[in-house]
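Just so it is clear, the values below take in all heavy atoms, side chains as well, and ignore hydrogens, waters and symmetry mates. This structure is a prediction, so every number in the text was calculated from the model and none was measured.
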Amino acid sequence: MTTDIQRSITDDQRRRAKLIWDYHRMGHELRPCDAAIGLGSHDLGVPAFCAELYRAGLFPTLVFSGGPNPTHPGRFPRGEALHFRDHALALGVPDAAVLLEPRARNTGQNITFSRDVLAAAGLDVQTVLLVAMPYMERRAFATARKAWPEVEVICASAPLEFDDYLKTIGDEKLVVDQLVGDLQRVIEYPKLGFAIEQDVPEDVHAAYRALLEDDFDSRLLSP
């Protein structure tokens, strides 16, 4: 995805954002799983990486989950899951390997609705690979451990460096807003019962507070 408006960040903001970016990445070692879930988003890098992992033999069944994208409603007018499936099929994933979950509007629903789709297909899932945008890995992990505690969860995202991801998206401020917003959710969602608690190092907390003071706040939870 690229944008028409290029909004840049300072070197200090980049350094702080990189701390949060690294925190969001779980660093899980990839290994074969019973199924994978491609979590809906605005980023076609997710189904592309799902296709790569499928071709590598890491899972036999792939669920694409997501309804209309709330942040970019015009990007995938038929819903995230359908567009993600089309992209994966174009990259060589067979249609028989793909299940659809087209209703989810948040990460908790991505997990619970996809779990139900897999169960309805008669699949016994003990290990699940969650494929997400890079800065969504930790929140996806914490959410899945709360919503589906009986499975082993492994998280993955396209192996992009932070600077490369900034170039891919094209809007540096938007990316940092998203990093900050996801960190807020990692901190706040356990209190709401949506996710398990995650330890947040003090340097990550400090970077978060500094970026909030610099008004990187467009993706914060509504008051």
Side-chain angles (χ1 to χ4, degrees), residues 7 9-28 37-43 45-46 65-66 69-72 80 104-115 128-158 160-163 165-166 169 171-223:
R7 296 181 293 179
I9 57 178
T10 68
D11 288 343
D12 281 345
Q13 291 165 348
R14 185 183 301 267
R15 176 181 56 79
R16 293 179 180 118
K18 175 66 162 52
L19 274 174
I20 298 175
W21 167 272
D22 289 342
Y23 172 73
H24 282 313
R25 307 294 288 269
M26 296 297 295
H28 288 167
I37 302 173
L39 298 175
S41 68
H42 59 81
D43 187 352
V46 172
S65 173
N69 186 279
T71 306
H72 306 275
E80 296 162 341
R105 302 300 297 265
N106 56 56
T107 306
Q109 291 179 355
N110 286 141
I111 303 300
T112 55
F113 293 173
S114 295
R115 178 194 62 198
V128 64
L129 179 64
L130 300 182
V131 184
M133 294 185 294
Y135 60 83
M136 273 189 64
E137 279 194 35
R138 186 170 295 275
R139 177 159 65 91
F141 173 80
T143 303
R145 293 297 298 124
K146 181 72 175 183
W148 201 0
E150 60 269 28
V151 301
E152 181 181 358
V153 177
I154 298 173
C155 290
S157 61
L160 288 171
E161 296 297 330
F162 180 53
D163 286 344
Y165 190 76
L166 289 175
I169 300 301
D171 184 338
E172 294 182 350
K173 184 182 185 305
L174 175 62
V175 171
V176 179
D177 282 347
Q178 291 168 327
L179 292 172
V180 169
D182 257 55
L183 182 51
Q184 184 200 32
R185 287 160 175 78
V186 168
I187 295 167
E188 298 298 331
Y189 275 3
K191 305 170 191 175
L192 301 172
F194 298 158
I196 65 167
E197 193 85 30
Q198 297 283 282
D199 179 60
V200 182
E202 178 50 38
D203 60 344
V204 175
H205 258 301
Y208 171 70
R209 291 190 296 266
L211 290 170
L212 283 177
E213 290 176 2
D214 287 346
D215 298 324
F216 289 93
D217 56 7
S218 75
R219 292 297 180 266
L220 295 181
L221 295 167
S222 300

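To the nearest 0.5 Å, the span separating CD on Q178 from OG on S218 amounts to 7.5 Å. In this structure, CD1 on I37 lies 12.5 Å from CZ on F113, to the nearest 0.5 angstrom. To the nearest 0.5 Å, atom CZ of residue R14 and atom CG of residue D11 are 6.5 Å apart. With rounding to the nearest 0.5 angstrom, the CD1 atom of I9 is 5.5 Å from the CG atom of L166. Note that the CG atom of L192 and the NZ atom of K146 stand 11.0 Å from one another [nearest 0.5 Å].
The minimum heavy-atom distance between V46 and S41, with the atom names listed, is CG2-OG, 3.8 Å. Of all heavy-atom pairs spanning A17 and V176, the tightest one is CB-CG2, 3.8 Å. In plain terms, the two heavy atoms of T10 and Q13 that are nearest each other are N-OE1, 2.9 Å. When all heavy atoms of R115 and A147 are compared, the closest pair comes out as NH1-O, 3.0 Å. Q198 approaches A142 most closely through the heavy-atom pair CG-CB, 3.9 Å. Nearest heavy atoms, T107 versus A140: CG2-CA, 4.2 Å.
Residues satisfying the side chain to side chain donor-acceptor pair (under 3.5 Å) test with D22, not counting sequence neighbours, are K18.
Counting heavy atoms from C-beta outward, S157 and R25 have side chains that approach closer than 4.5 Å. Put simply, the side chain of L174 reaches to within 4.5 Å of the side chain of R219, judged on heavy atoms. Two residues are said to be in side-chain contact when any heavy atoms from C-beta on lie closer than 4.5 Å; L211 and I20 meet this criterion. Taking 4.5 Å as the limit, every side-chain heavy atom of H24 sits out of range of all side-chain heavy atoms of P134. Proximity of H42 to I169: side-chain heavy atoms (C-beta onward) are separated by under 4.5 Å at one or more points.
Not a single donor-acceptor pair under 3.5 Å links the side chain of Q184 to the backbone N or O of L220.
Under the salt bridge (Lys or Arg N to Asp or Glu O under 4.0 Å) criterion, the residue pairs touching residues 175-189 are R139-D182, K173-D177, E188-K191, with sequence neighbours excluded. Annotation: ring-ring contact (aromatic ring centres under 6.0 Å, His included) contacts involving residues 181-223, sequence neighbours excluded, comprise Y189-F194.
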- Message: Checking R145 against E197 for the salt bridge (Lys or Arg N to Asp or Glu O under 4.0 Å) test, could you report, in this order, the C-alpha distance in whole Å, the side-chain angles of both residues, the deciding distance, and whether it holds?
- Response: CA-CA 10 Å; R145 293 297 298 124; E197 193 85 30; over 6 Å; no
- Show your working on side chain to side chain contact (heavy atoms under 4.5 Å, CB included) between L130 and I111 and close with a plain yes or no. CA-CA 9 Å; L130 300 182; I111 303 300; 3.8 Å; yes
- Please assess L19 against R16 for the test side chain to side chain contact (heavy atoms under 4.5 Å, CB included), listing each intermediate value before the final yes or no. CA-CA 5 Å; L19 274 174; R16 293 179 180 118; 5.5 Å; no
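Aromatic ring pairs are classed by plane angle as parallel below 30°, tilted from 30° to 60° and perpendicular above 60°; the pair W21 and F162 is tilted.
Shown are I154, V153, V186; of these, the side-chain contact (heavy atoms from CB on, under 4.5 Å) with F141 is made only by V153.
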